[in-house]
Amino acid sequence: AVVLAACSKGKTGPSSRDGVIDAWKKGGLTPSALTKADVDVGKDCASGTVNKLDVLVCTFPSAKEAKAAEDAGLKWVGDTTGASRAQGAELIVVADRHKADPSGRTINQIVTLPAY
């Protein structure tokens, strides 16, 4: 049972917004405080910055609902470079509105680090 729990944890992503922030910090990123955001992506969302990139983290009742909201996350990104990716019941959205990440490497870290 312990092995199964460890495997499923890696696949479902973080269990909370705090888990996402902790993963970013452990990965060497610098997140700002996240504040409640009133957006069309979801009902329980918070926004801030990570390494000068705009981020939005929304919590959903299930992983399926978070996955279904990925397209809405891309609408929040708009015409700029960014990403929208579900990690468990969390949806992580990042937008490079200030052209701070020309290589896209930090965007990739932001959406993939919380999965580990």
Side-chain angles (χ1 to χ4, degrees):
V2 174
V3 174
L4 292 175
C7 291
S8 68
K9 181 181 177 193
K11 291 179 182 176
T12 60
S15 59
S16 69
R17 192 172 291 131
D18 289 338
V20 170
I21 294 167
D22 288 344
W24 288 337
K25 288 178 180 177
K26 288 177 185 174
L29 299 174
T30 309
S32 71
L34 298 182
T35 56
K36 183 169 174 40
D38 185 20
V39 293
D40 292 336
V41 178
K43 293 179 183 175
D44 183 9
C45 298
S47 63
T49 61
V50 175
N51 291 38
K52 300 181 183 177
L53 299 170
D54 295 327
V55 296
L56 181 70
V57 180
C58 299
T59 302
F60 290 87
S62 70
K64 184 178 179 180
E65 290 172 81
K67 182 76 174 164
E70 285 181 341
D71 286 343
L74 289 175
K75 288 179 184 173
W76 182 82
V77 170
D79 292 334
T80 191
T81 303
S84 177
R85 184 170 180 188
Q87 296 284 359
E90 305 295 319
L91 177 69
I92 302 165
V93 187
V94 58
D96 188 3
R97 295 189 172 104
H98 308 288
K99 303 194 184 323
D101 185 29
S103 71
R105 186 173 293 150
T106 304
I107 291 171
N108 186 55
Q109 282 185 294
I110 290 169
V111 297
T112 59
L113 276 174
Y116 301 103

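One finds the OG1 atom of T80 at 7.0 Å from the CZ atom of R97 (value rounded to the nearest 0.5 Å). We find the NZ-CG distance between K25 and D18 to be 8.5 Å, quoted to the nearest 0.5 Å. Expressed to the nearest 0.5 Å, how far SG of C45 lies from CH2 of W76 amounts to 9.5 Å. Atoms CG and NZ, from D38 and K43 in turn, are 12.0 Å apart once rounded to the nearest 0.5 Å.
The salt bridge (charged side-chain N to carboxylate O under 4.0 Å, His left out) search around E70 returns K67, not counting sequence neighbours. With sequence neighbours left out, the salt bridge (charged side-chain N to carboxylate O under 4.0 Å, His left out) criterion links D44 to R17.
A donor-acceptor pair is defined here as one N or O able to donate and one able to accept, closer than 3.5 Å; such a pair exists between the side chain of Q87 and the backbone of V111. Between the side chain of D96 and the main chain of L53, no donor-acceptor pair closer than 3.5 Å is present. A donor-acceptor pair under 3.5 Å is absent between the side-chain atoms of T49 and the main chain of K52, judged by distance alone. One N or O on the side chain of D101 and one on the backbone of T106 form a donor-acceptor pair closer than 3.5 Å. Here the side chain of N51 pairs no donor or acceptor atom with the backbone of L29 at under 3.5 angstrom.
Summarising the geometry of S84 relative to A69, their closest heavy-atom pair is OG-O, 4.4 Å, with the distance given to 0.1 Å. Closest heavy-atom contact between A23 and P114: CB-CA, 3.6 Å. Residues A66 and G88 approach most closely at CB-O, 3.5 Å, considering heavy atoms. Here the closest non-hydrogen pair linking I107 and A83 is CG2-CB, 3.8 Å.
Counting heavy atoms from C-beta outward, K75 and D71 have side chains that stay 4.5 Å or more apart.
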> What's the verdict on side-chain contact (heavy atoms from CB on, under 4.5 Å) for W24 and V55, showing C-alpha distance, side-chain angles and the deciding distance?
Replying inline: CA-CA 12 Å; W24 288 337; V55 296; 4.2 Å; yes
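Put simply, I92 and V94 are part of the same group of oily side chains (I, L, V, M, F, W, Y) that touch within less than 4.5 Å, one to the next. Put simply, V50 and V20 are part of the same group of oily side chains (I, L, V, M, F, W, Y) that touch within less than 4.5 Å, one to the next. The hydrophobic cluster containing F60 also contains V93, counting ILVMFWY residues as joined when their side-chain heavy atoms lie under 4.5 angstrom apart, directly or transitively. L34 is not connected to L56 by any chain of hydrophobic side-chain contacts under 4.5 Å among Ile, Leu, Val, Met, Phe, Trp and Tyr, and they are in different clusters.
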